[in-house]
2 protein chains.
Amino acid sequence: MLRITKQTDYGIVLLSHMAAEPERLFNAPELAEAAGLPLPTVSKILKMLARDGLLDSHRGAKGGYCLVSAPEEISVAEIIFSLEGPIAMTECIDDGPGECQQEGSCPLQANWQLINTAVRQALQGISLRQMAGPMGPQLVQLASRSAHSSLQP
Amino acid sequence: MLRITKQTDYGIVLLSHMAAEPERLFNAPELAEAAGLPLPTVSKILKMLARDGLLDSHRGAKGGYCLVSAPEEISVAEIIFSLEGPIAMTECIDDGPGECQQEGSCPLQANWQLINTAVRQALQGISLRQMAGPMGPQLVQLASRSAHSSLQP
DNA sequence: GTAAATAGAACCATATCGGTACTATTTTCT
DNA sequence: AGAAAATAGTACCGATATGGTTCTATTTAC
Ligand code: FES
Ligand code: FES
């Protein structure tokens with residue numbers, strides 16, 4: 001269906017929330033509470049974002065996460081890339097260069113790259129700031145969103 | 001993983017093949033043979049494309065499919081739309097307007113539409129002609145592509 | 001040293017994808 | 001009229017991916 005996963009959806013919601021106070025340190029329980037999402041899920045998402053360098057993590061008591069860059073500097077492409085893996089439209093492409101034996105002679109590869117880069121550029125053109133604003137810092141209560149069925153136990 | 005499905009991959013390959021002779025009538029067995037794909041799969045894909053108006057179908061003996069429009073007029077967005085359903089990035093959006101109760105007050109919806117339209121426009125900017133060319137009419141043998149495992153019995 | 005937090009991996013139920021099979025309908029040809 | 005060849009539509013099943021949880025280890029504040 002060419003849709004992003006829920007994890008990415010949640011991830012952008014969480015980051016949007018953090019973007020309201022870019023300097024502040026947020027911990028996972030706090031964000032889970034704010035978004036109405038289960039803690040383990042939020043935790044998992046934040047871990048991924050930290051692993052890929054979008055968030056700085058501080059362990060231990062009083063730990064938490066904070067944005068590495070300003071919301072204007074973060075593109076949704078980076079977020080999606082972190083949470084879904086590379087944006088690859090065909091198997092031969094995301095297997096990495098050299099993986100496919102047909103590479104030299106494959107007539108479609110270059111054209112697929114056309115699509116890939118078009119989508120990538122489209123996503124790179126949208127910043128976290130744009131996603132967060134202009135609605136202000138209030139956080140949407142995900143728990144009440146229609147299609148999200150079994151979120152909280 | 002934000003990847004298109006194999007069906008769409010195959011669909012574009014088949015349409016690229018047809019784009020080489022836009023006037024000609026192709027039947028499913030012929031295309032299956034040419035692409036090295038199993039007939040049922042090819043059939044299924046062509047049915048979908050015909051259902052959504054990208055192909056004209058002629059039933060009966062000597063029947064087959066042909067492109068409705070010139071390859072320049074067909075965007076990959078239409079193809080993906082036909083084979084994967086609507087390009088919807090969040091559940092609330094592709095449930096259709098009115099489906100979600102929060103719609104009036106949801107601060108993220110407008111921003112998601114931003115992403116959706118960005119991607120859609122990126123895909124609309126690429127035509128079937130661009131995907132088919134400039135390599136000429138030779139058809140890639142899908143059966144030998146690395147990642148496509150169990151295609152022919 | 002204890003509590004609170006992140007890091008990382010493993011796990012499982014469920015939904016989606018990939019591919020097949022079967023029946024019905026339409027058209028051509030003899 | 002009847003047989004053959006093709007599309008239309010639906011239902012089905014195994015394999016894979018997703019969504020979410022749980023457990024253990026590690027780090028830091030107090
Ligand atoms: S690169 Fe693998 S088949 Fe084209
Ligand atoms: S439109 Fe459904 S929660 Fe935003």
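Chain identifiers are assigned alphabetically (A, B, ...) following the order of the sequence lines, protein sequences preceding nucleic acid strands; residue numbering begins at 1 within each chain.
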Can you give me the N/O atom pairs linking the protein to nucleotides 12-15 of chain D at distances under 3.5 Å, or say none if there are none?
none

Closest to side chain of [X], choosing from [options]:
X: B:Lys62; options: C:dT28, C:dT20, D:dT28; answer: C:dT28
X: A:Tyr65; options: D:dG19, C:dT28, C:dA7; answer: C:dA7
X: B:Ala28; options: C:dA7, C:dG18, D:dT7; answer: D:dT7
X: B:Pro29; options: D:dA5, D:dT7, C:dG18; answer: D:dT7

From [atom1] of [X] over to [atom2] of [N], roughly how many Å is that when rounded to an integer?
X: A:Asp56; N: C:dT6; atom1: CG; atom2: P; value: 13 Å
X: A:Arg59; N: D:dA29; atom1: CZ; atom2: C1'; value: 14 Å
X: A:Tyr10; N: D:dT18; atom1: OH; atom2: C1'; value: 11 Å
X: B:Gln7; N: D:dA17; atom1: CD; atom2: C1'; value: 16 Å
X: B:Leu39; N: D:dA8; atom1: CG; atom2: P; value: 13 Å
X: B:Glu84; N: C:dT16; atom1: CD; atom2: C1'; value: 12 Å
X: B:Arg51; N: D:dA8; atom1: CZ; atom2: C1'; value: 11 Å
X: B:Ile45; N: D:dG9; atom1: CD1; atom2: C1'; value: 16 Å

Pair A:Tyr65 and A:His58, ring centroids less than 6.0 Å apart: no
Bend angle of the helix from C:dG1-D:dC30 to C:dT30-D:dA1, from helix axes over five pairs at each end, nearest 10°: 20°
B:Ser127 backbone acceptor or donor facing B:Gln130 side chain under 3.5 Å: yes
Check: B:Ile4 main-chain N/O paired with B:Thr8 side-chain donor or acceptor under 3.5 Å: no
Nearest-0.5 Å distance, CG of residue B:Leu15 to CG of residue B:Leu49: 5.0 Å
A:Ile115 CD1 to A:Thr117 OG1 distance, which is reported to the nearest 0.5 Å: 9.0 Å
Please tabulate, one pair per line, each protein N/O and nucleotide N/O from nucleotides 22-24 of chain D that are separated by under 3.5 Å, including the distance.
none

Test item: A:Val13 and A:His17 side chains (from C-beta on) under 4.5 Å apart, heavy atoms: no
Check: A:Gln124 and A:Glu78 side chains under 4.5 Å, non-hydrogen atoms: no
same_hphob_cluster(A:Val76, B:Leu114) at 4.5 Å side-chain heavy-atom cutoff: yes
Comparing A:Gly60 and B:Asn27 on DNA chain D - which has the more 5′ nearest nucleotide: B:Asn27
Side-chain N,O (B:Ser57) to OP1/OP2 (D:dA8) below 4.0 Å: yes
